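Hydrogens, waters and symmetry mates are skipped; everything else that's a heavy atom, side chains included, is used. Note on naming: letters A, B, ... go to the chains in the order of the sequence lines (proteins, then strands), and numbering restarts at 1 for each one. Keep in mind the model is a prediction, meaning the values are calculated, not measured.
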Amino acid sequence: MGEIPKEIIPLSYDFYEQPTLELSKALLGCLLVKETDQGMAAGYIVETEAYIGPVDRAAHSYNNRRTGRTEVMFHRSGLTYTYLMHTHCLFNVVSGGEENPEAVLVRALEPRYGIELMKRRRGIQDITNLTNGPGKLTKSMGITMEDYGSSLTLPPLYIAKGFCPESISVGKRIGIDKSGEAKDYPWRFWITHNKFVSRHQKSEYEIKIKKDKNNED
DNA sequence: CCCGAGATCCTA
DNA sequence: AGGATCTCGGGG
């Protein structure tokens, strides 16, 4: 449907240097892009969760646990951390910097380009059900374990500037009920009232984003 | 070495 | 409510 713009520029590494909670919010509205020989698919990030490894019992890298799976989180910010959850691949952005294993889980997208390709990959037609969950969006986008460790500043998998949300909601993270006190940390962020978020939840508070000079689309 | 659990999703 | 199906990590 939508024309693919001539130039979608990947964000550079310095974007990923900000603290993980800030990055989790800054990623909202950004465009996640995957190019394959089947074509290009892209969507705006509308929901994220922060995982602050060293102090976060819900994180795979809790207490600096370093294994084959978590290894990439100990490397530079702006790399891809993918892992398998039951039958699904989940996509994360590495953050926190070298030797500080943190990450941002991308939980939902608003489909923007390559929507027909996404529908084909998922075998469904309903756009609102295409990318409203972390396992659904990787399948729609064609993100797999092959992407583990790759840089988000270059094709085939990268993130570009999108739009600036008017309001961000904040709440508890999803699906980590057995993580002790960490389950209540308010580290889930989503674009207020966006209909592509993975599930509805009462937000603890909302953050209004002021539209300053740098934040036009 | 075996077994349980997990940042999920689909079907019944 | 339960199954798919793979990796990690703890316990014997």
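Between His86(A) and the phosphate of dG3(C), there is no side-chain N or O to OP1/OP2 separation shorter than 4.0 Å. At the phosphate of dC10(B), OP1 or OP2 sits under 4.0 Å from a side-chain N or O atom of Lys136(A). OP1 or OP2 of dC10(B) has at least one side-chain nitrogen or oxygen of Arg122(A) nearer than 4.0 Å.
Ring-centre distance between Tyr83(A) and Tyr81(A): below the 6.0 Å cut-off.
Across dC9(B), dA7(B), dT7(C), the shortest atom-to-atom separation from the side chain of Leu84(A) is found for dT7(C). With distances taken from any side-chain atom of Thr67(A) to the nucleotides dC8(C), dC9(B), dA7(B), the minimum falls on dC8(C). Ranking dG9(C), dA7(B), dC6(C) by closeness to the Met85(A) side chain, first place goes to dA7(B).
A distance cut-off of 5.5 Å between ring centres, combined with a plane angle under 30°, places Tyr51(A) in a stacking arrangement with the base of dA7(B).
Rounded to whole Å, the distance from CE on Met145(A) to P on dT7(C) is 8 Å. Distance, Lys139(A) NZ to dA4(C) P: 16 Å, rounded to whole Å. When the P atom of dA7(B) is taken as reference, atom CZ of Phe189(A) falls 18 Å away, rounded to whole Å. Remark: P of dA7(B) and CG of Leu137(A) are 17 Å apart, rounded to the nearest angstrom. Separating the CZ atom of Arg121(A) from the C1' atom of dC9(B) is a distance of 18 Å, rounded to the nearest angstrom. In this structure, Glu47(A) places its CD atom 13 Å from C1' of dT8(B), rounding to the nearest Å. Atom pair Leu90(A):CG and dC8(C):C1' shows a separation of 16 Å (rounding to whole Å applied). Atom-to-atom, CD1 of Ile52(A) to P of dA7(B) comes out at 16 Å; the value is rounded to the nearest Å.
As judged by a 4.0 angstrom heavy-atom cut-off over every strand, Thr87(A) is placed among the base-contacting residues. Counting any heavy atom pair closer than 4.0 Å across all strands shown, Arg107(A) reaches sugar-phosphate atoms only and no base atom. Counting non-hydrogen atoms under 4.0 angstrom, Leu105(A) reaches a base of the nucleic acid.
Under the 4.0 Å criterion applied to side-chain N and carboxylate O atoms, Glu166(A) and Lys208(A) are not assigned as salt-bridge partners. The residues Glu99(A) and Arg76(A) are annotated as not salt-bridged, no charged nitrogen and carboxylate oxygen being separated by less than 4.0 angstrom. Salt bridge annotation for Arg69(A)-Glu71(A): absent, with no cationic side-chain nitrogen under 4.0 angstrom from a carboxylate oxygen.
Heavy-atom nearest nucleotides on DNA chain B were determined for Ile124(A) and for His60(A), and the one closer to the 5' end corresponds to His60(A).
For the atom pair Leu79(A) CG and Asp147(A) CG, the distance stands at 12.0 Å (nearest 0.5 Å).
Pairing for dG10(C) is with dC2(B), a Watson-Crick or G-U wobble pair whose two hydrogen-bonding atom distances lie under 3.5 Å.
Taking atom P on both dG4(B) and dG2(C), the two are 16 Å apart, rounded to the nearest angstrom.
In Glu146(A), the CD atom is not crowded: 12 or fewer heavy atoms of neighbouring residues, nucleotides or ligands sit closer than 6.0 Å.
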